[in-house]
Amino acid sequence: ELVRQGEALKRTEQMVDKMDQDLKTSQRHINSIKSVWGGLVNYFKAKPPPESKPEQNGTPEYYANSRLKEAMMSSKEQESKYQESHPNLRKLDNSDSDFSKADLVFSVQRDSYPKNQHLRAYHQKIDNNLDEMSSGLSRLKNLALGLQTEIEEQDDMLDRLTKKVETLDVNIKSTDKKVRQL
């Protein structure tokens, strides 16, 4: 959603730049209509290049934050592993042999567990669950940091857009006033 909003902000900024360019062209026409002197000034003034692109006004092409993209991609990669191992998302085995399965994700020293088989299996299962929680929290942290960076970049874009719109508003009011005087 943030990437989509960033693209919308970029398009809005391009439209504002285009409006500013059109307003400058209108101002040139008003000056030439207003007086002979304005027409002469416009004649000798350097003409703007026809249909220059708004990206040339200091607005770079919009790309989503690389940190957010990396976090989203790694999250999608980990999601399938998570769904396979999560007890509520996989097909449950109703047998009690679940505790004795040796499907450990991380190697653990056998000496660190009690000698009782059931207790050992229970401790291993708890360790596995804690490892899954740790990887899930790591994934959430990366996503949150990516989101934070993207939000900060879009906040800067909004500040830049606000300044451009305020300037454009002043210029439009000034141009409107000049047209009404004609």
- Item | Salt-bridge criterion met for D159 and K163 (N-O under 4.0 Å) | no
- Message: Determine whether D156 and R160 satisfy the following criterion, salt bridge (Lys or Arg N to Asp or Glu O under 4.0 Å), listing intermediate values before the conclusion.
- Response: CA-CA 6 Å; D156 292 341; R160 192 172 59 237; over 6 Å; no
- Reported CG-to-OG1 distance for the pair L23 and T167, which is rounded to 0.5 angstrom: 11.0 Å
- Message: In this structure, would L168 and L9 fall into the same cluster of hydrophobic residues linked by side-chain contacts under 4.5 Å?
- Response: yes
- Any chain of hydrophobic side-chain contacts (each under 4.5 Å) joining L158 to V16? yes
- In Å and rounded to the nearest 0.5 Å, what is the NE2 to CG distance from H123 to N116? 9.0 Å
- Rounded distance (nearest 0.5 Å) linking atom CD of E7 with atom OG1 of T12: 11.5 Å
- Query: Atom CG in L161, atom CD in Q14: separation rounded to 0.5 Å?
  - Reply: 11.0 Å
- Query: Would you say S174's side chain and V170's backbone share a donor-acceptor pair under 3.5 angstrom?
  - Reply: no
- Nearest-0.5 Å distance, CD of residue E152 to CE of residue M157: 13.5 Å
- For the pair K164 and D17, find out whether any cationic side-chain nitrogen is under 4.0 Å from an anionic carboxylate oxygen. yes
- Please examine the side chains of T162 and E166, heavy atoms only from C-beta on, and report whether any two atoms are closer than 4.5 Å. yes
- Would you find a donor on one side and an acceptor on the other, under 3.5 Å apart, between the side chain of S134 and the backbone of L130? no
- Task: Could you tell me whether E1 and R4 have a side-chain N and a carboxylate O separated by less than 4.0 Å?
- Result: yes
- Message: Are L137 and L143 connected into the same hydrophobic cluster when the rule is that any two of I, L, V, M, F, W, Y join if their side-chain heavy atoms are below 4.5 Å apart?
- Response: no
- Nearest-0.5 Å distance, CG of residue L2 to CD of residue Q154: 5.5 Å
- Between the side chains of R120 and Q117, is a donor N or O closer than 3.5 angstrom to an acceptor N or O? yes
- Can H29 and T25 be said to form a side chain to side chain contact (heavy atoms under 4.5 Å, CB included), step by step? CA-CA 6 Å; H29 292 299; T25 304; 3.6 Å; yes
